[in-house]
Amino acid sequence: FTPIASKEADLKIVLLGESAVGKSSLVTRFASNAFDADKESTIGAAFIVKKYYVTDPETNEVKLINFQIWDTAGQERYQSLAPMYYRNASVAIIVFDLTDISSLTKAEFWIAELEAYNREEHKIQILLVGNKSDLSKNENDNQISETVERLKVPYFKTSAKEGTGVDELFKYIVDSIDDGI
Ligand code: GDP
């Protein structure tokens, strides 16, 4: 069943972060509500499109959001290509692994790069995601909350494996653009 949408918007999202933090798994979880433990690593970048319908609870008006989600490879050698993917993006999801504190350092690097880009009159919304909450024993919590406070970016915890937190993340994105369409 495909509802008829009265409004439509395109939304480009880019995922950035160290290799193996779970970027591709998050995209798969959001796009098809599945998890594939044996998936091959992303080379360069890959993108998926997903149609997402939201109904306004007050007016019952249906809006269609065409998500275009770019999943970039975390490897160092592709780093210089990143601007190609975040250029024209509305939202950047910076992902780290809750059980690997070095991936948080990498996340900080990406946030700094995007903030510098935003200072040149761009307006990418930056979100920070700590993934693999199913494996985390809260061992890095102090350092994570100190970093999140300092960076002042919206922060979400997810498990692409179990699906926890993924809906909340995308709902936040949908809500934040809702007024724009
Ligand atoms: P990417 O390189 O950042 O795109 O990371 P992948 O999505 O390829 O995931 C890297 C590895 O971590 C794979 O073996 C995934 O199965 C695993 N993985 C990803 N997300 C999760 C998660 O939320 N929990 C657990 N336990 N493993 C995950």
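Just so you know, these numbers use all the heavy atoms, side chains as well, and skip hydrogens, waters and symmetry mates. Since the model is a prediction, treat every value here as computed from it, not as a measurement. Both ligands and their constituent atoms are indexed starting at 1 by order of listing.
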Just so I know, are the side chains of [X] and [Y] near enough to count as touching, which here means a heavy-atom distance under 4.5 Å?
X	Y	answer
Phe30	Leu169	no
Ile126	Glu115	yes
Lys7	Leu64	no

Quiz item: Do you reckon Ile101 sits in the same ILVMFWY cluster as Phe96, going by side-chain contacts under 4.5 Å, direct or chained?
Solution: yes
Exercise. Measure the acute angle between the ring planes of Tyr117 and His122, then classify it against the limits of 30° and 60° as parallel, tilted or perpendicular.
Key: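 Taking His122 first and then Tyr117, their aromatic rings lie parallel (interplane angle under 30°).
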Quiz item: Using 30° and 60° as the class limits, which term best fits the ring planes of Phe170 and Phe67: parallel, tilted or perpendicular?
Solution: perpendicular
Quiz prompt | Residue portion contacting ligand 1 (non-hydrogen atoms closer than 4.0 Å) for Leu135 | solution = side chain
Quiz item: Side chain, backbone, both or neither: which part of Val95 comes within less than 4.0 Å of ligand 1 when only heavy atoms are counted?
Solution: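 It is neither part, as no heavy atom is under 4.0 Å.
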Exercise. Could you tell me which atoms of ligand 1, counted from 1 in the order shown, lie closer than 4.0 angstrom to a heavy atom of Lys23?
Key: 1 (P), 2 (O), 3 (O), 4 (O), 5 (O), 7 (O)
Self-check item: For Ala20, atoms of ligand 1 separated by under 4.0 Å from a heavy atom
Solution: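 Near Ala20, meaning under 4.0 Å from one of its heavy atoms, ligand 1 has 1 (P), 2 (O), 3 (O), 5 (O), 10 (C), 12 (O).
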Are any of the N or O atoms of [X] closer than 3.5 Å to those of ligand 1?
X	result
Ser19	no
Ser24	yes
Ser25	yes

Quiz item: Taking atom 18 (N) of ligand 1 as the point of reference, which of Lys161, Glu18, Lys132 owns the nearest heavy atom?
Solution: Lys132
